[in-house]
K.L.:
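I have a structure I would like to understand better, so I am pasting it below and will then ask my questions one at a time.
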Number of protein chains: 2
Amino acid sequence: MTESSPPPPRVPAPSFPAPLSRVRLYEQVAEQISTWIAEHDLRPGDKLPPERELAARLGVSRATLSQALVALEVIGAVAVRHGDGTVVAKSLGATRIVEAVRAHANRLPEIIDTRDALETKIAALAAQRRTEADLQRIEDALAGMEADIERGGRGVEGDENFHAAVTAAAHSLLLSQLMGEIADLIRETRIESLSQPERPRASLAGHRAIAEAIRAGDPPAAASAMHAHVEMVSDVAVLRTT
Amino acid sequence: MTESSPPPPRVPAPSFPAPLSRVRLYEQVAEQISTWIAEHDLRPGDKLPPERELAARLGVSRATLSQALVALEVIGAVAVRHGDGTVVAKSLGATRIVEAVRAHANRLPEIIDTRDALETKIAALAAQRRTEADLQRIEDALAGMEADIERGGRGVEGDENFHAAVTAAAHSLLLSQLMGEIADLIRETRIESLSQPERPRASLAGHRAIAEAIRAGDPPAAASAMHAHVEMVSDVAVLRTT
DNA sequence: GTGGGCTATTGGCTAGGCCACTGATCCAGT
DNA sequence: ACTGGATCAGTGGCCTAGCCAATAGCCCAC
């Protein structure tokens, strides 16, 4: 537009392809930390490792780690407390939400609906953003669940790990935070569901389908597989409450 | 190293009813910098002094200054360019750092994703559970938004009312609670979005489509209409960050 | 004029250290 | 037995000092 005009245009052109966004270390570290939080299913109030240990584990200096924590603190993901440690930030209404829903009569349908909303989207995002490491974690969780079932277990822990790994693979701090808020509620339904005979194997099959779609990088398939999986849990819930 | 005379421990105020909120150095520094920007009337693109000089002038180490810059960068106030310098990114005028802490920057995509996840499901549920009263409330919000736009307004309030009405129509306590959690975050994107010319009318059209599907009791249509609506907002967000 | 390379400037990141704060434990005095 | 204060280990806050890496501008050879 104003190319030939005397005043120097500060913005070169409307089409700004990609000036090669330099990713600074602290950003990567922040990303890793939030992934770690999601992956380990940390809930508000849970403590992060000490700065010195965390820095060493991530292979960065304490100064850089500190920058990452500042970034996470500014967006409200964590709270750093002098002399005490760093904790996952508690959202203002976390307990209120859980309690309110607990008090509600038949809360199972609500939990199912919410899981469907969040996890379907999470599966789709995971399918397009997953890294090799993400896939590996998902695979590991799957293997752990299978091993547990083989031994006659219900695979509860593996189930949780799987969903945590998928959530982490979506690389969305906000979504993983919301999942964290309702984690307790989900856990209760999960245990109920997996208590039914044959349910663990069916659940495992559902997980495999989800993992496959995520590996294939097919968001719609991942979403639909996750939806089917949640629906399956829903059936169990209905049977129970009826 | 040490001062010739040891400074006495500073007492903040003669009376401190507050639990004595610890203000970390980087926060104060960030505050000072943004104040400095405002005072000197720096505009987007203007350069800040080099880190070394700035750190010396503020009497802090480079590490601390760096933390402050990270904080300012996360809230989108400045852009730090390796080898070149730090420039003002956006006029922050009277916005206070501490308040802007919840703001966006890199979170916009996440907020969009989350909205999409929750509201799409909410729309579908609303389509199958809405009562006559729900429909009426949705209609009212729509009418209010239209009237506001006719008067040259941006329909921000009507927009909020509409989404609140739809959320209520889904009759899911959990989902509405979660929407409440991210309401603040959404509000910012909403205002940005509706600030663009012609956007309010387009938004209104989107709302109409959603309302129509909900009235018709067609969950898939409602979900897809809501998805399209959120996508539209997403486009705006992309434009902003470019 | 143009292209290539040099260099000063500036941010990125690390290492190591000391200080301040917190919470739990222990011990002395009652 | 209980209370109150001192101690101690763990943790974040902040600093100093330094080297590395990217950028922009200059100068020189062509």
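Proteins come first, then strands; the chains are lettered A, B, ... in the order of their sequence lines, and each starts at number 1.
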K.L.:
Mind listing the closest non-hydrogen atom pair of B/Lys121 and A/Asp113 along with its distance?
P.N.:
CE-O, 3.5 Å

K.L.:
Taking only the side-chain heavy atoms of A/His82 (C-beta and beyond), determine which of C/dT10, D/dA21, C/dA20 contains the nearest atom.
P.N.:
C/dA20

K.L.:
Using distance alone, with no hydrogens and no angle criterion, decide if A/Tyr26 and B/Glu73 have a side-chain donor and acceptor under 3.5 Å apart.
P.N.:
yes

K.L.:
Please work out if A/Thr86 contacts a base, only the sugar-phosphate, or nothing of the nucleic acid, heavy-atom cut-off 4.0 Å.
P.N.:
sugar-phosphate

K.L.:
Please state whether the rings of A/His207 and A/His163 are parallel, tilted or perpendicular, taking 30° and 60° as the class boundaries.
P.N.:
perpendicular

K.L.:
Nearest whole Å is fine: how far is D/dC14 P from B/Gln28 CD?
P.N.:
8 Å

K.L.:
Hey, does the side chain of A/Arg129 reach the backbone of A/Ala170 with a donor-acceptor pair shorter than 3.5 angstrom?
P.N.:
yes

K.L.:
Between D/dT16 atom P and B/Glu51 atom CD, what is the distance in whole Å?
P.N.:
15 Å

K.L.:
What's B/Arg24 touching, base or sugar-phosphate or nothing? Going by heavy atoms closer than 4.0 Å.
P.N.:
sugar-phosphate

K.L.:
Which is more 5' along DNA chain D, the nucleotide nearest A/Lys47 or the one nearest B/Leu25? Just name the residue.
P.N.:
A/Lys47

K.L.:
Starting from P on D/dG12, measure out to CD on B/Gln67 and report it in whole angstrom.
P.N.:
13 Å

K.L.:
Contact class for B/Ala63 (heavy atom, under 4.0 Å): base, sugar-phosphate, or nothing?
P.N.:
nothing

K.L.:
Extract from the structure each pairing of a protein N or O with an N or O of nucleotides 3-9 of chain C at less than 3.5 Å, listing the distance.
P.N.:
none

K.L.:
Any luck finding a side-chain donor-acceptor pair between A/His171 and A/Asp134 under 3.5 Å?
P.N.:
yes

K.L.:
Round to a whole Å and report the spacing from CZ of B/Arg81 to P of D/dG25.
P.N.:
11 Å

K.L.:
Answer whether the closest heavy-atom distance between the side chains of B/Leu185 and A/Leu174 falls below 4.5 Å.
P.N.:
yes

K.L.:
Give the rounded distance in Å between these two atoms: CG of A/Asp84 and P of D/dG13.
P.N.:
11 Å

K.L.:
In whole Å, what is the span from the CG atom of B/Leu48 to the P atom of C/dT10?
P.N.:
12 Å

K.L.:
Whole Å only: how far is the CG atom of B/Leu65 from the P atom of C/dG12?
P.N.:
10 Å

K.L.:
Which residues pass the side-chain hydrogen bond (donor to acceptor under 3.5 Å, both in side chains) test with A/Glu51, not counting sequence neighbours?
P.N.:
A/Arg62

K.L.:
B/Arg62 has an atom CZ; how far is it from atom P of D/dG13, in whole Å?
P.N.:
20 Å

K.L.:
Tell me whether the OP1 or OP2 atom of D/dC15 has a side-chain N or O from B/Thr64 closer than 4.0 Å.
P.N.:
yes

